[in-house]
Amino acid sequence: MNAVSLLAEIGDVGRDRWRGGYSRHVFEPAETELREWFTEQARRRGLDVETDRNGNLWAWSGMPGPGAVVTGSHLDSVPGGGAFDGPLGVVSALEAIHAVRGPAAVVVFAEEEGGRFGVPCLGSRLLTGSIDAERAVALKDPAGMSVAEAARSAGLDPARFGRDDEALSRIGTFVELHVEQGRGLVGLGSPVAVGSTVIAHGRWRFSFSGQGNHAGTTSMADRRDPMLPAAEVVSAARRVACRAEGARATVGRLVPRPGGTNVIASTVDLWLDARGGVPVDEIVAVAREAAAAEGCAVTVVEESASGEVTFDAGLRRALRSVLGDVPELPTGAGHDAAILAPHVPVAMLYVRNPTGISHAPEEFAEDADVEYGARALAAVLRDLST
Ligand code: HGY
Ligand code: MN
Ligand code: MN
Ligand code: MN
C-alpha cells in the first residue's frame with residue numbers, strides 16, 4: 001500500500017485546491033491537474049476512466065455492470081481546507097480497488113463541499129436526482145459563472161444533467177472511507193470506525209439590503225445599515241444552537257457589498273450552516289425583526305437540506321465482522337455516501353484524526369492509520385465482492 005505517498009502527490013498537485021475563489025476539480029476543463037492526476041493513477045492500475053453526465057469521475061476495473069462494488073470520495077475542498085478531507089477516501093480507494101473480484105469502480109464526486117456553486121454534494125445529488133436539475137444548472141459561482149456554463153467548458157452537456165439510472169443501477173454497494181472530522185476515534189483508541197449515522201444538515205442564504213452611504217457624513221440616525229441585522233443573525237445562530245442539544249449552527253461566510261472601509265454597506269449576504277436540529281425558524285425571526293428595526297429588507301432562501309441518514313444495518317454488521325470489533329461513529333459531517341444511502345446500499349469507514357480538526361490545515365491522520373485504513377477498505381471490498 002502506498003496511500004501515504006499518493007496523498008502527498010495530491011498535496012503537490014492540488015495544493016491550491018482552492019483557486020480563483022472556489023474549489024478546483026468542479027466541472028473545470030478536462031486538463032485540470034487533479035482530474036489529470038486521477039486519470040493517470042487509474043491508468044497505471046488498469047482502470048478505465050469515464051466522466052458521467054453529471055461530471056462525476058468513474059475509474060472502472062472490469063466491465064461496468066450491475067452489482068459493482070464502488071468506493072471513492074471527492075477531491076474538491078473548502079477554502080483553507082485540510083489535505084485529507086476527500087483525498088484520503090480517493091487514494092485509499094485507488095489502493096484498495098484491486099482487492100475486488102468482479103466489476104468495481106473508484107468514483108470521485110463533483111462539488112462535494114458546495115464551495116463553488118453553494119450546494120454541497122452537487123455531483124451525487126444530480127446523480128441520484130435529489131436536486132432539481134433545472135435549479136442546479138442555474139446555480140452560479142462567486143464569479144457569476146453558472147453550472148451550465150462551467151459544465152459546457154468541461155465538455156459536459158448541462159441539458160443531460162439529472163438522475164442517472166444507468167449509473168445508479170451499476171452500484172451494488174458503495175463504501176466511502178473518510179478522515180474523521182472529530183476526535184471520537186482518539187478517545188476510543190481505534191484507528192478506524194464504521195459509520196452509523198449522518199445528522200440532518202442544511203444551508204440557508206440570508207440577504208439583507210439597506211442604503212449604501214458615506215461612513216463620515218451619514219449620521220447614525222440616518223442609517224439603514226444591513227450589517228446590523230446580519231450581526232444579529234450571527235449571534236442568534238450561536239445562542240439558539242447552544243440551547244438545542246447536539247445542534248450546530250455556523251455563519252462562516254458573510255459578504256458585505258461593496259465592501260469599502262469607509263462605505264456603509266448597501267447589501268450583506270450571509271450563509272447559515274445548521275445541523276442536528278437547529279430551530280432555524282427562530283434565527284429567521286431574529287433576522288426579520290432586526291432588519292425591520294434598521295429599515296432594511298431581508299430574504300431567506302434554503303439552499304440545501306438533508307435529513308438524518310442511518311447507514312445500512314446489514315452492511316455495518318458485515319464491515320464489523322470483517323474488521324473485528326471496531327466502533328461505530330455518528331458524524332456531523334455530510335458526505336456523498338449519505339446522499340446515495342436512500343438509493344443504493346452504502347457504508348462508511350472513518351480513519352482516526354489525532355487533531356480532530358477538519359476544514360482547516362491542522363486536519364491530520366498518521367501514516368500508520370492511513371495505511372491501516374486503506375488495508376481495512378481493501379478487506380471490506382474483498383468481502384463484499386465474494
Ligand atoms: O460540510 C460537510 O459536512 C462536509 O465536510 N462536506
Ligand atoms: Mn468537508
Ligand atoms: Mn469530505
Ligand atoms: Mn470620498
Side-chain angles (χ1 to χ4, degrees), residues 7 10-11 14 17-18 22-26 34 56-57 71-93 106-125 130-131 174-182 184 193 195 197-205 241 246-253 271-278 303-309 311 329-341 346-353 355-365 370 373 377:
L7 262 181
I10 287 192
R17 281 165 63 203
W18 186 266
Y22 53 79
S23 207
R24 298 182 59 68
H25 172 61
V26 181
L34 278 174
N56 303 301
L57 280 177
T71 180
S73 191
H74 62 96
L75 289 177
D76 64 300
S77 177
V78 293
F84 297 81
D85 176 355
L88 184 63
V90 172
V91 301
S92 304
V106 175
V107 60
V108 177
F109 289 107
E111 184 72 339
E112 190 276 346
E113 297 292 2
R116 178 172 182 183
F117 295 107
V119 171
C121 299
L122 183 60
S124 53
R125 287 178 199 269
S130 27
I131 183 170
F174 175 66
V175 183
E176 178 169 5
L177 179 144
H178 205 284
V179 66
E180 185 191 352
Q181 295 164 299
T197 58
V198 171
I199 65 173
H201 62 283
R203 289 184 187 187
W204 284 261
R205 173 180 182 151
R248 296 162 178 127
T250 312
V251 176
R253 187 175 166 218
W271 284 263
L272 171 70
D273 178 310
R275 312 199 186 198
V278 172
E303 288 198 332
S304 76
S306 312
E308 175 163 304
V309 166
F311 291 121
L329 268 188
T331 180
H335 298 289
D336 292 305
I339 301 297
L340 287 175
V346 165
M348 281 201 76
L349 269 181
Y350 296 112
V351 171
R352 182 166 41 195
N353 169 352
T355 68
I357 294 174
S358 181
H359 284 187
E362 295 84 354
E363 186 179 83
F364 185 67
V370 166
L377 181 63

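The first residue in the sequence is number 1, and the count goes up from there. We count ligands from 1, going down the list as the structure has it; atoms in each ligand are counted the same way.
Contacts between Gln181 and ligand 1 below 4.0 angstrom, taking non-hydrogen atoms only, involve the side chain exclusively. Under 4.0 Å from ligand 1, the heavy atoms of His359 that appear belong solely to its side chain.
Counting only distance, with no hydrogens or angles, the side chain of Thr331 and the backbone of Val198 share no donor-acceptor pair below 3.5 Å.
Looking at His359 and the Mn ion (ligand 2) together, the shortest N, O or S contact belongs to NE2. Among the heteroatoms counted here (N, O or S) of Asp85, OD1 is the one nearest to the Mn ion (ligand 3). The Mn ion (ligand 2) sits nearest to atom OE2 when only the N, O or S atoms of Glu113 are considered.
Pairing each heavy atom of Thr71 with each of Val175, the nearest pair is OG1-O, 2.8 Å. The shortest non-hydrogen separation linking Ala337 to Val346 is O-CG1, 3.4 Å. Closest of all the heavy-atom pairs between Glu308 and Thr197 is OE2-CG2, 4.2 Å.
For Ser124, the side chain to side chain contact (heavy atoms under 4.5 Å, CB included) criterion is met by Phe109, Cys121, Asp336, Ile339, not counting sequence neighbours. Residues satisfying the salt bridge (charged side-chain N to carboxylate O under 4.0 Å, His left out) criterion with Arg125, sequence neighbours excluded, are absent altogether.
At least one heavy atom of Arg275 sits closer than 4.0 Å to an atom of ligand 1.
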Any chance you could lay out the side-chain hydrogen bond (donor to acceptor under 3.5 Å, both in side chains) test for His201 and Asp273, step after step, and finish with the verdict? CA-CA 7 Å; His201 62 283; Asp273 178 310; over 6 Å; no
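In terms of N/O distances under 3.5 Å, ligand 1 is not approached by Arg203.
Listed by number with element, the atoms of ligand 1 under 4.0 angstrom from any heavy atom of Glu112 are 4 (C), 6 (N). Interface of Ala333 with ligand 1, defined as ligand atoms under 4.0 Å from a residue heavy atom, comprises 3 (O).
Rounded to 10°, the angle formed at the Mn ion (ligand 3) by His178 NE2 and His74 NE2 is 120°.
Summary of contacts: the protein heavy atom closest to atom 4 (C) of ligand 1 is Gly334 O, 3.3 Å.
Because its NZ or CZ atom is not both nearer than 6.0 Å to the ring centre of Trp271 and within 45° of the ring axis, Arg203 does not count as a cation-pi partner of that residue.
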